[in-house]
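Okay, so here's the structure we're looking at.
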Amino acid sequence: MDIFLVEAIVNGLLLGGVLALLALGLNLIFGVIDVVWIAYAELVMCGMYAIYWLHTYYGVPLPAAAVIAVLFVALLGVLVHKLIIAPILGSAPINQLLATGGLLFFLQSFATLLFGADFRNVGLRLPIIEVGEIFVSFARLLAFGVALVGMVGLWLFLKRTYIGIAIRAIAQDREVMILMGVDPQRVYLVTSAIGGGLAGLAAALLVLQYDVHPSIGLSFGPITFMICVLGGLGSMIGGFVAAFIMSQIIAIGGFYTSIELSYVLAFLLFIVMIFVRPQGIFGGRS
Amino acid sequence: MLQVDGLTKAFGGFVAVNQVSFAVAPAEILGLIGPNGSGKSTIFNLVSGTLSPTAGSIRFEGQEIAGRPASEIVHRGLARTFQIPRPFRKLPILENVAVAAYFGRNGRIDRGTAVERARAALALVGLPGDPDARTDGLGAAGLKKLELARALATQPRLLLADESLGGLDHGEMQQAAEMLRRVRGEMGITIVWVEHIMGVLMKVVDRVMVLHHGETVAEGLPADVVRDPRVIEVYLGRGHAGA
């Protein structure tokens, strides 16, 4: 096999890890609260700016800035639920889409107001590692590893703690869970904080590879949403698998054609899937 | 234990429950019967907090609970089962019940205690308490047992049992009725039991109340209620009332 193709596949795999992390957060929120946070990737942008700001202006070491960013975006997740989602939770889904869509534009505009439209980075240059004849970015490898650890951590939380079990159970049957004594508002807040925290973690991993700017969310938001739909909205395993399918389409498609055309192929697959299997590969909600 | 006064629920112009009043004494089993659409399930939804009443009062152990959140009502010691079992299919049987044990007491117990209580509830209804047993293999009777175990795991003092016999064969019905007797006898839990299958219910309950079009038609001892002309009319039609 062409060594450059192998390299493309490996890079696709590494990209898939971060995309899976993003899809997990969005799916978790949709599965439990039944709301699609259209502005999810903009929370990632907020986290990236937080790290940039803390590190560049205050000299906070990157690992510490990353931890603060995770907590900050988790708090943002709680605020999004309390201020935007909770008041309209019982209204038509289109209202919730419009509200989180409005938040997307608000956060983009607010970031432009604070930081301008410039591309900024934390100034870190991580090495390229040579494995055999393949060259792999250490930043991507680190991002993949940390994303996997984050996903395993979330899996253990959902599996081993009662609030985690409640989150899984309320995603299956909200009414019954309430009649077991679970306060749904508490579960929604915890879920929003976890969803925000995952966006914060993704921010910490992406800021190592990409410049931050007010529109960075557009690079990841649509693809994350497509992954969730492809895997089956609300299906966390589906999202995980779909993230790697999409990342391989982008990576291998990019190898044979161009990176731009590979995104076109990915979007085309999404459109075809909407017609053929709207409930997604793993049969979530269509 | 439970005092319901003037309970009314209207959905727009349709009055599902109209001025219904009843009381349940501690450790009593009250049967609630009536044809489809008579308001039985709506009363359960109102008492358990799933619906808020249009008018009336629901007092549980002296405290007003009408319109309170359903989760808070569970914490106060009132649990319900569903006519059609609704297990969490992705969770093992033990976790289905343990999660009810944990949150039913508002998270004030530790994990070990929750699992212990879940196992006790499963043992009472005759389901396996090992951590790997799944809900997939459960038939109608098994799912009804799981439903009951989940409600019991919340440690209620009052249980609202919704059609516990539906979908069961004759032998399973007798078992289910015996189980409700044991729940009252061994645990001292007060029960309000909604049922369609009157023959079995009448042998278990202390008193029975008959509903029709959201209103109380008759109330009293089972032996008296089955001879009540108004009840015969509700179930068999006007021509049979005097027969």
Side-chain angles (χ1 to χ4, degrees), chain A residues 24 27-28 30-34 86-87 89-90 154-191 193-194 231-241 279-285, chain B residues 44-45 47-51 68-82 84-92 94-115 118 121 131 135 146-147 149-156 159-160 162:
Chain A
L24 191 63
N27 261 333
L28 182 71
F30 179 78
V32 174
I33 311 175
D34 229 4
L89 202 55
L154 179 66
W155 181 79
L156 287 173
F157 173 79
L158 292 175
K159 196 85 182 158
R160 299 278 169 86
T161 67
Y162 272 110
I163 189 74
I165 293 170
I167 285 172
R168 285 157 60 211
I170 215 163
Q172 292 176 53
D173 194 327
R174 193 176 309 191
E175 192 188 357
V176 167
M177 208 54 216
I178 293 167
L179 290 167
M180 304 273 132
V182 173
D183 176 3
Q185 292 309 322
R186 189 177 151 214
V187 175
Y188 295 160
L189 280 180
V190 172
T191 305
I194 295 171
L233 262 176
S235 165
M236 287 182 239
I237 295 171
F240 183 82
V241 173
Q279 73 273 35
I281 301 168
F282 282 76
R285 279 166 275 182
Chain B
F44 265 25
N45 288 336
V47 176
S48 63
T50 311
L51 290 175
R68 301 303 305 161
S71 55
E72 182 191 314
I73 290 172
V74 176
H75 298 156
R76 287 172 184 243
L78 198 154
R80 74 167 287 181
T81 64
F82 284 91
I84 299 166
R86 291 163 67 171
F88 301 117
R89 291 279 182 193
K90 293 177 185 169
L91 300 183
L94 184 62
E95 271 186 8
N96 257 278
V97 184
V99 80
Y102 185 78
F103 286 103
R105 302 319 300 155
N106 204 11
R108 284 191 293 263
I109 58 172
D110 59 39
R111 188 183 176 87
T113 310
V115 172
T135 59
L146 177 59
E147 194 71 17
R150 286 201 306 194
L152 294 178
T154 65
Q155 298 213 306
L159 172 70
L160 306 175
D162 197 353

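In what follows, chains carry the letters A, B, and so on, assigned in the order in which the sequence lines appear, proteins first and then strands, with residues in each chain numbered from 1.
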message = Please evaluate residues B/Val99 and A/Met177 with respect to the criterion side chain to side chain contact (heavy atoms under 4.5 Å, CB included), reporting the C-alpha separation (whole Å), side-chain torsions for both, the decisive distance (0.1 Å), and the verdict.
response = CA-CA 9 Å; B/Val99 80; A/Met177 208 54 216; 3.5 Å; yes
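Residues meeting the side-chain contact (heavy atoms from CB on, under 4.5 Å) test with B/Ala114, sequence neighbours left out: A/Tyr162, B/Ala101, B/Tyr102, B/Ile109.
In this structure, chain A has a heavy atom under 4.5 Å from the side chain of B/Thr154, while its backbone stays farther away. In this structure, the portions of B/Val115 lying under 4.5 Å from any heavy atom of chain A include both its backbone and its side chain. Both the backbone and the side chain of B/Ala70 come within contact range of chain A, judged by heavy atoms closer than 4.5 Å. Residue contact with chain A, scored on non-hydrogen atoms closer than 4.5 Å, involves the backbone and the side chain of B/Arg86 alike.
Interatomic distance, B/Thr50 OG1 to A/Glu175 CD, rounded to the nearest 0.5 Å: 5.0 Å. Rounding to the nearest 0.5 Å gives a distance of 7.0 Å between CG of A/Asp173 and CZ of B/Phe82.
The minimum heavy-atom distance between B/His75 and A/Gly181, with the atom names listed, is NE2-O, 2.7 Å. In this structure, A/Leu179 and B/Arg80 approach most closely via the heavy-atom pair CD1-CD, 3.8 Å. Considering all non-hydrogen atoms of both residues, B/Phe88 and A/Val176 come closest at CZ-CG1, 3.7 Å. Across every non-hydrogen atom of B/Arg89 and A/Gln172, the tightest pair is N-OE1, 3.1 Å.
Heavy-atom pairs under 4.5 Å with chain A peak, among B/Ala98, B/Ala153, B/Pro87, at B/Ala98.
Of the possible polar contacts, none joining the B/Glu95 side chain to the A/Ile165 backbone as a donor-acceptor pair under 3.5 Å is found. A donor-acceptor distance shorter than 3.5 angstrom exists from the side chain of B/Arg111 to the backbone of A/Arg160, with no hydrogens or angles considered.
Under a cut-off of 6.0 angstrom, the local environment of CD1 in A/Ile237 is sparse, with at most 12 non-hydrogen atoms contributed by other residues, nucleotides or ligands.
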